[in-house]
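Just so it is clear, the structure is predicted and the values come from calculations on it, not from any experiment.
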Amino acid sequence: MSRYPALVWVVALNLALLLLLVLSGCVLVLRNVVPPHVDAVESGELLGTWQGWEHSLITLHGDGTAEFTALDGYWFAFDEGWRLSGTGTWEIAETENWGPEVHVAGTEITGAVEVFDDHPLRLPKGHDWRSDEPPEEESWVFGLDRERGGLRLWMYMSDPDARHINWFDRADA
């Protein structure tokens, strides 16, 4: 019996597996490249209280002020394990590619809850990147989405290479 047909099958199987890996990698990359967004939003649509992951809240007022409770940090700040409460300001900012975003600046931190071990995305206590004190100021960028019915806010958390989205839905509806 010749080894040639067996070699053809081994090569064909390896090529099929390689193609599957490449295609699945493309799907994961595309999932992270195109964030959900809207083309336009009126400030009146954003007013009110929004609830996110683990009962975090943000309230946007018509005068441009904001209140937030147990709001996680943005990007790597999420990993540092602080859930912040306080007040600040908010505004709609137009982006070149993704439409409007909501920028929130927490200018007065009135409370910080330290958390580390309750979620696998958080860094352990004592990690080199983790700050020992909560920040005095923090800022967040919220994207907007309408795909699942009404307007929703969202923000990225954790490592930009392995994004986790924190969705916010209306809490006062």
Side-chain angles (χ1 to χ4, degrees), residues 31-32 34-38 40-95 97-173:
R31 186 192 85 176
N32 283 330
V34 182
H37 67 281
V38 299
V41 67
E42 297 293 326
S43 61
E45 294 179 89
L46 297 167
L47 302 181
T49 301
W50 301 82
Q51 183 172 356
W53 186 65
E54 290 187 351
H55 310 290
S56 55
L57 295 171
I58 183 160
T59 302
L60 306 176
H61 299 286
D63 62 357
T65 60
E67 298 173 50
F68 48 92
T69 304
L71 196 57
D72 285 292
Y74 182 67
W75 287 124
F76 282 109
F78 164 76
D79 295 336
E80 293 180 3
W82 296 106
R83 303 194 81 216
L84 304 175
S85 298
T87 59
T89 61
W90 72 278
E91 67 180 357
I92 298 173
E94 289 294 328
T95 64
N97 295 320
W98 308 117
E101 296 175 334
V102 177
H103 291 199
V104 176
T107 54
E108 186 176 341
I109 305 299
T110 58
V113 176
E114 185 177 18
V115 290
F116 0 59
D117 298 326
D118 65 334
H119 197 276
L121 293 176
R122 295 191 193 283
L123 294 176
K125 188 174 187 176
H127 191 282
D128 291 344
W129 294 347
R130 189 177 186 288
S131 65
D132 291 328
E133 298 295 325
E136 294 179 15
E137 294 182 347
E138 184 63 81
S139 61
W140 296 269
V141 176
F142 291 89
L144 304 164
D145 179 47
R146 291 188 201 270
E147 286 185 14
R148 295 190 172 123
L151 186 65
R152 298 174 82 194
L153 302 177
W154 60 269
M155 74 172 182
Y156 285 129
M157 294 167 33
S158 196
D159 182 345
D161 293 329
R163 295 176 179 161
H164 174 76
I165 293 181
N166 181 0
W167 290 99
F168 286 75
D169 293 305
R170 284 211 173 271
D172 56 3

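- Under the 3.5 Å distance criterion, the side-chain polar atoms of T49 are left unmatched by any main-chain donor or acceptor of A171.
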Evaluation steps, side-chain contact (heavy atoms from CB on, under 4.5 Å), between Q51 and I58 = CA-CA 7 Å; Q51 183 172 356; I58 183 160; over 6 Å; no
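- Ring-plane geometry between F142 and F168 is classed as perpendicular, the angle between the planes exceeding 60 degrees on a 0 to 90 degree scale with a lower cut at 30.
- Side chains of V102 and V141 form no contact here, defined as non-hydrogen atoms less than 4.5 Å apart.
- Atom-to-atom distance recorded for S56:OG and N166:CG is 5.0 Å, nearest 0.5 angstrom.
- At least one donor-acceptor pair closer than 3.5 Å links the side chain of W90 to the backbone N or O of H61.
- Looking only at side-chain heavy atoms (C-beta outward), L46 and L153 come within less than 4.5 Å of each other.
- Looking at every heavy atom in both residues, A70 comes nearest to S85 through N-OG, 3.0 Å.
- Shown here is E42, whose CD atom has no more than 12 heavy atoms of other residues, nucleotides or ligands within 6.0 Å.
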Would E45 and R170 satisfy salt bridge (Lys or Arg N to Asp or Glu O under 4.0 Å), going step by step from the backbone distance to the final call?
-> CA-CA 11 Å; E45 294 179 89; R170 284 211 173 271; over 6 Å; no
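- Between L151 and D145 the shortest side-chain heavy-atom distance does not fall below 4.5 Å.
- In terms of heavy atoms, P100 sits closest to E94 at CB-OE2, 3.6 Å.
- In this structure, the side chains of S43 and I92 come closer than 4.5 Å at one or more pairs of heavy atoms.
- To the nearest 0.5 angstrom, E137 atom CD is 7.0 Å from T107 atom OG1.
- Within the 4.5 Å cutoff, side-chain heavy atoms of I165 are placed close to those of Y156.
- To the nearest 0.5 Å, atoms CG (L60) and CG (L47) are separated by 7.0 Å.
- Here OG1 of T95 is found 5.0 Å from CD of E101. Values are rounded to the nearest 0.5 Å.
- Counting heavy atoms from C-beta outward, L84 and F68 have side chains that approach closer than 4.5 Å.
- What you find for R152 and W50 is that their closest heavy atoms are CA-CZ3, 4.1 Å.
- For the pair E138/L71, no side-chain contact is recorded, criterion being any heavy-atom separation below 4.5 Å from C-beta on.
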